[in-house]
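Structure, as structure tokens:
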2 protein chains.
Amino acid sequence: EQRIVSGVAYSRDEARVALFGVPDSPGVAAEIFGRLAQAGVNVDMIVQSQARREGAQNIVFTVTEREAQRALDAVRAGASIGFEEAQVRRDVAKVSVIGIGMRSHAGVAHTMFAALAAKGINIEAISTSEIKISVLIDAQYVELAVRALHTAYGLDAAA
Amino acid sequence: EQRIVSGVAYSRDEARVALFGVPDSPGVAAEIFGRLAQAGVNVDMIVQSQARREGAQNIVFTVTEREAQRALDAVRAGASIGFEEAQVRRDVAKVSVIGIGMRSHAGVAHTMFAALAAKGINIEAISTSEIKISVLIDAQYVELAVRALHTAYGLDAAA
Ligand SMILES: C[C@@H](O)[C@H](N)C(=O)O
Ligand SMILES: C[C@@H](O)[C@H](N)C(=O)O
């Protein structure tokens, strides 16, 4: 698994927008991202997991810090989409580990999450693709996180 | 944007495990995925967005239908991790649109979500990477979804 991860990437100019209590019916997500596209907001991550209450979902997406207010205005403008609350958190950073051929994410995820935990870094959001695991953390810890992950995956020697 | 998306992929043998009320402190995610790795469970998507209540998070991950029970047993065994509820939903399918060079996800996401909404297909989870947007839907709609997305992105002509 150490050999599977080939690199660590990060981006620190991110703001996280969370929409709580989004009605869980077809068309709502389309409306949210239609408005953002219309406003020309550059959306990076989109993450929707499962909220506990039936019928309502939470959707998180990231934009550049510069565009956070414009993103919020776009989803709040005009006819209500029906979400109960919107929250913006600036000062987040995205950190990713990249591994071509990760068969299961569990082992690579465990190493990544444990390395962050050992430095007391809290994971604020998680998203994966076939070749990558990305987390959002507090931006002030980004250097610490990247160094800890290089060490955890044995990437230091390659430097 | 139509030209940006080059393909639609899907996988229908997925089960979604949702953990609600996961304590939001460093080390908890590491413990969850450490147990899954230990049990040899093949985890595909991992999605954590933001729960409304401070201090608690919801984490969703997908496994093959065959391994759903083993995954649940692994996170419930031994010392408690502290989550309040675990829920398994079989019969989900993952559908993805792939687009190299997607600058902003908002436009591609809008087209994808609107195409699914037009068929009455509800989006149960969302996750993105630089080149892909993936959603979880009810497995019975997977053919309908894939066909609708091919049409929405003008991929039919290429067939
Ligand atoms: C919450 C939102 O994703 C909704 N389920 C939809 O399909 O649009
Ligand atoms: C919820 C879980 O991700 C927690 N925040 C952690 O860092 O482990």
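Source: prediction; values computed, not measured. Side-chain atoms are counted along with the backbone in the values below, which use heavy atoms only and exclude waters and symmetry mates. Chain letters run A, B, ... following the sequence lines, proteins first and then strands; every chain starts at 1.
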Fill in: Residue part contacting chain B, namely of A:Q57, when any heavy atom lies under 4.5 Å
side chain

Worksheet, complete the sentence: Counting heavy-atom pairs under 4.5 angstrom with chain A, the leader among B:S127, B:S25, B:S129, B:A18 is B:S127

Worksheet item: chain A: which of B:G34, B:S134, B:G27, B:A115 shares the most heavy-atom pairs with it under 4.5 Å?
Response: B:G34

Fill in: Residues, nucleotides or ligands: over 12 heavy atoms within 6.0 Å of B:Q87 CD
yes

Discussion item. Only pairs of heavy atoms separated by less than 4.5 Å count here; which of B:R16, B:R52, B:M45, B:Q38 has the most with chain A?
Written reply: B:R52

Discussion item. Is any side-chain heavy atom of B:R76 closer than 4.5 Å to one of B:L72?
Written reply: yes

Practice prompt. Run the salt-bridge test on A:R12 and A:E143 with the 4.0 Å N-O cut-off and return the result as yes or no.
Written response: yes

Worksheet, complete the sentence: If you tally heavy-atom pairs under 4.5 Å between each of B:A109, B:A29, B:A114 and chain A, the highest tally belongs to B:A29

Worksheet, complete the sentence: Interface check, chain B: of A:I123, A:L136, A:I59, most non-hydrogen pairs under 4.5 Å belong to A:I123

Worksheet item: Is B:E31 salt-bridged to B:R35, cutoff N-O under 4.0 Å?
Response: yes

Worksheet item: Do you know which of A:R89, A:M112, A:K132 has the most heavy-atom pairs with chain B at a distance under 4.5 angstrom?
Response: A:K132

Worksheet item: Going by heavy atoms in the side chains, are B:L116 and B:Y141 under 4.5 Å from each other?
Response: no

Fill in: Side chain B:H110, main chain A:F33, donor-acceptor under 3.5 Å
no

Item to complete: State whether the number of non-hydrogen atoms from other residues, nucleotides or ligands found under 6.0 Å of B:E84 atom CD is greater than 12.
Response: yes

Worksheet entry | Options B:V60, B:I133, B:D44, ranked by heavy-atom pairs under 4.5 Å with chain A, top entry | B:D44

Worksheet item: Taking B:A118, B:S96, B:G120 one by one, which has the highest count of heavy-atom pairs under 4.5 Å against chain A?
Response: B:G120

Discussion item. Counting only non-hydrogen atoms closer than 4.5 Å, does B:E124 touch chain A with its backbone (N, CA, C, O), its side chain (CB onward), both, or neither?
Written reply: backbone

Discussion item. Which residue in the set A:V97, A:V146, A:V8 passes side chain to side chain contact (heavy atoms under 4.5 Å, CB included) when paired with A:L155?
Written reply: A:V8

Response to the item:
So, the part of B:I121 with a heavy atom under 4.5 Å from chain A: the answer is backbone

